2 protein chains.
Amino acid sequence: MAYEPPRIAVTTDIVLFTIREGVLQVLLLRRAIPPFINVWALPGGFVELHEALEDNARRKLHEETGLDNIYLEQLYTFGALGRDPRERVVSVAYVALTPADDLHPEAETRAGTVAWHRVDPLPALAFDHAEIIAMARQRLVAKLDYSTIAFQFLPPQFTLSDVQDIYEIIQGQPMDKRNFRKWVLALDDLEETGDYRTGHHRPAMLYRLKNPDLVRITK
Amino acid sequence: MAYEPPRIAVTTDIVLFTIREGVLQVLLLRRAIPPFINVWALPGGFVELHEALEDNARRKLHEETGLDNIYLEQLYTFGALGRDPRERVVSVAYVALTPADDLHPEAETRAGTVAWHRVDPLPALAFDHAEIIAMARQRLVAKLDYSTIAFQFLPPQFTLSDVQDIYEIIQGQPMDKRNFRKWVLALDDLEETGDYRTGHHRPAMLYRLKNPDLVRITK
DNA sequence: TCAAAAGTGTTCACTGTACACCCATGT
DNA sequence: ACATGGGTGTACAGTGAACACTTTTGA
């Protein structure tokens, strides 16, 4: 007699971060359907039988934001009993990062209203999504220290001050300008474009990433 | 019309490491049933509908080894198509650590023969278990550098040389004795028992962990 | 007495941190 | 001319790495 394993609904949840309005923000969806109707939730959805986990995360993100080819890494798998009131659901959570300007969601999608929210404070969230975002944030902060993950927030061209802003916003504390520049240039991941950003003050050298899609462990 | 999500078989796979015979070893099971009959595989099994993921991992480990209350952390979730020939299976992998002497498996369990194997080289493995072990090893090596995870390999009492042996085995390179001792004592996680291990040579001070179950991030 | 593991400090190089002023532009 | 952000170098402290000999025991 063959053993029949239980089958469980599997979802992905994507914590998509960006830097906007000088703070760290996360993409949320106001749910148009029960459960948790009208409550904010992470983008994501049920994994199809013939769909890889990360493919599902990328597909859902694309459907809900139009974004494609962005940085995405698996975070953790949440499988507590009762985390979904309907039935047992195991959710594989991902962290994604994108430059601010790549998305101005005010759209009403099939799934509901999509919008950026500051992570501090967060609105009330569906399921265990507050916990998921908290862990994603921890991961992001930790990775600043030993990887080049923060560069995934950068647009194609940027100034060194833009880079420093990102670090200061995520870590919540100011950094010394000279030390920061010395350090970031020593990573050898940036190169000058030769152009300058002209604004109201002294023009700033524009840089680009040597390998825009590469996230490197730095120690 | 309500959407019916697909249901997927979910398993856990546990990579249980120990230090034995001067090398890093992993617990494997020789499968008694198809698929991959007679091939070595990781312990683990299907998650029940009313069972939390980590509970399943601990239960399976207990059933197959008798071990209880050991260090266990989630590693990664593997969900590639075709990783199980029978049907779509998503597997949540865990890393577990135990002192060598806590387990002498030569037992025939219901699921098959259980045995320790060196990780270098590994035998042929079922499913994508070679990949899982490789990632687990990477995680272990990485965590040596910024956490006290290695102490989970230690028996209740141990000498400083025992501790150094563990680090040298996992990292595959010798360390300076004076520097190692200075460093490990500065962590302030060890305390002298007052007893000595007497053997063939000069007796060595025995230490114990101040918090045996605590794995701390050290930087 | 010999073999083998236990135990113990100092020096040096490097890395990370603190710190202040001039420059280029727009208004 | 002034307000604003852009850009630059040096000095010091703390951390990590190299390095050799004495002690204690059992055989």
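In what follows, every chain begins at residue 1, and chains take the letters A, B, ... in the order their sequences are listed. Source: prediction; values computed, not measured.
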**Prompt:** Looking at B:Trp116 versus B:Phe17, is the centre-to-centre ring distance below 6.0 Å?
**Reply:** no

**Fill in**
Picking from D:dA18, D:dC19, D:dT8, the nucleotide nearest the side-chain atoms of A:Arg181 would be D:dT8

**Asked** Is a donor-acceptor contact shorter than 3.5 angstrom present between the side chain of B:Lys219 and the base of D:dT15?
**Response** no

**Request:** Considering non-hydrogen atoms only, spot the tightest contact between A:Gly44 and A:Ile14 and give its length.
**Result:** CA-CD1, 3.7 Å

**Request:** To the nearest Å, give me how far apart CG (A:Leu160) and C1' (D:dT8) are.
**Result:** 12 Å

**Prompt:** Between B:Tyr76 and B:Phe78, what is the ring plane arrangement, given parallel below 30°, perpendicular above 60°, and tilted in between?
**Reply:** perpendicular

**Request:** Fit a plane to each ring of A:Trp183 and A:Tyr167, take the angle between them on a 0 to 90° scale, and name the class: parallel (under 30°), tilted (30 to 60°) or perpendicular (over 60°).
**Result:** perpendicular

**Prompt:** Above 12 or not: heavy atoms from other molecules or residues under 6.0 Å from CG of B:Asn69?
**Reply:** no

**Message:** If I take atom CD in residue A:Glu168 and atom P in nucleotide D:dG5, what distance separates them, rounded to the nearest angstrom?
**Reply:** 13 Å

**Request:** Specify the closest pair of heavy atoms between B:Leu125 and B:Ala41, including all atoms of both residues, with the distance to one decimal.
**Result:** CD2-N, 4.3 Å

**Prompt:** What pairs with A:Glu192 under side-chain hydrogen bond (donor to acceptor under 3.5 Å, both in side chains), at least two apart in sequence or on another chain?
**Reply:** none

**Complete:** Footprint ends on DNA chain C, 5' to 3', for atoms under 4.0 angstrom from a heavy atom of chain A, come out as C:dT17 to C:dT27

**Item:** Annotated protein contacts, base or backbone, on nucleotides 20-27 of chain D with a non-hydrogen cut-off under 4.0 Å, one of B, S, - each
**Value:** B--BBBSS

**Asked** Atom CH2 of B:Trp183 and atom C1' of D:dA18: how far apart are they, to the nearest Å?
**Response** 18 Å

**Whole-Å gap separating C1' (D:dG16) and CZ (B:Phe180)** = 15 Å

**Prompt:** 5'-most contact on DNA chain C: A:Asn179 or B:Tyr196, nearest heavy atom basis?
**Reply:** B:Tyr196

**Prompt:** Hey, do the aromatic rings of B:Phe151 and B:Phe153 have their centres closer than 6.0 Å?
**Reply:** no

**Request:** Nearest whole angstrom, please: distance from the P of D:dG9 to the CG of A:Asp176.
**Result:** 14 Å

**Asked** Whole-Å distance between D:dG6 C1' and A:Met205 CE?
**Response** 11 Å

**Message:** Is there a side chain to side chain donor-acceptor pair (under 3.5 Å) between A:Ser147 and A:Thr218? Walk through the geometry before answering.
**Reply:** CA-CA 5 Å; A:Ser147 81; A:Thr218 56; over 6 Å; no

